[in-house]
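Notes follow once the structure below has been shown.
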Amino acid sequence: AQVVGQSPSKPEVKCLHAQLADHLCRDHSNPLGEAILSGVAARGVAVHGDSQCHQQCDCGVAREAATWWYTPVKNKQKLFTRLERRKQRQVARLEAAEEG
């Protein structure tokens with residue numbers, strides 16, 4: 001198995017998070033994922049989780065009941081930017097309709 005868009009013949013590495021996920025979610029056979037995991041662990045990150053981090057992945061834990069929840073800032077910014085662009089286009093359409 002391999003990560004989409006990545007093959008042994010490609011010298012560049014795509015999406016380190018995907019490599020790590022592939023390693024963790026399959027049979028731990030992704031050598032690059034293992035190297036990433038080792039590197040993260042060497043930086044002091046608890047790679048085996050803790051008593052709370054499972055809450056986001058556990059479908060049995062409601063978000064409201066979770067004591068911890070990761071909220072990605074990057075995606076929030078992307079959604080905010082998209083919403084702002086839609087508002088700007090809508091205003092431009094309304095102004096054009098009023099002029100025409």
Side-chain angles (χ1 to χ4, degrees):
Q2 51 179 277
V3 176
V4 173
Q6 186 67 40
S7 67
S9 63
K10 288 187 175 182
E12 69 276 356
V13 176
K14 288 185 69 164
C15 305
L16 297 180
H17 67 283
Q19 299 288 342
L20 181 55
D22 179 65
H23 176 72
L24 293 172
C25 295
R26 293 183 194 246
D27 58 0
H28 294 271
S29 64
N30 183 326
L32 183 55
E34 175 61 33
I36 295 164
L37 186 65
S38 296
V40 170
R43 293 177 137 187
V45 175
V47 295
H48 298 293
D50 60 22
S51 63
Q52 296 178 339
C53 75
H54 74 281
Q55 294 175 356
Q56 187 159 349
C57 301
D58 185 347
C59 295
V61 177
R63 187 173 185 166
E64 299 78 31
T67 57
W68 178 88
W69 200 268
Y70 171 71
T71 304
V73 176
K74 179 180 173 184
N75 289 341
K76 275 190 165 187
Q77 182 61 41
K78 189 181 203 180
L79 292 172
F80 175 77
T81 302
R82 186 181 303 157
L83 180 62
E84 288 301 309
R85 281 192 207 132
R86 285 181 185 162
K87 286 179 183 177
Q88 290 171 1
R89 285 194 302 262
Q90 185 177 18
V91 167
R93 280 193 297 266
L94 290 173
E95 289 173 350
E98 288 175 0
E99 290 175 7

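Start at 1 with the first residue, then count along the sequence.
Taking the side chain as every heavy atom from C-beta outward, His23 and Leu37 approach each other to under 4.5 Å. Looking only at side-chain heavy atoms (C-beta outward), Cys15 and Gln19 stay at 4.5 Å or farther from each other. A 4.5 Å side-chain heavy-atom check between Arg82 and Leu79 finds at least one atom pair inside the cut-off.
The number of heavy-atom neighbours closer than 6.0 Å to CD of Glu84, taken from other residues, nucleotides and ligands shown, is above 12. Atom CZ of Arg85 sits in a sparse spot, with 12 or fewer heavy atoms from other residues, nucleotides or ligands closer than 6.0 Å.
Asp22 contributes atom CG, which lies 10.5 Å from atom NE2 of His28 (distance to the nearest 0.5 angstrom). The CG atom of Leu94 sits 11.5 Å away from atom CD of Glu99, with the distance rounded to the nearest 0.5 Å.
Side chain of Gln52 to main chain of Thr67: no donor-acceptor pair is present (N/O by atom type, distance under 3.5 Å, no hydrogens or angles).
Checking each of Arg93, Glu95, Arg89 against Val91 for a side chain to side chain contact (heavy atoms under 4.5 Å, CB included) leaves exactly one that passes, namely Glu95.
Cluster membership check: Val61 does not share its hydrophobic cluster with Trp68, using side-chain heavy-atom separations under 4.5 Å among Ile, Leu, Val, Met, Phe, Trp and Tyr.
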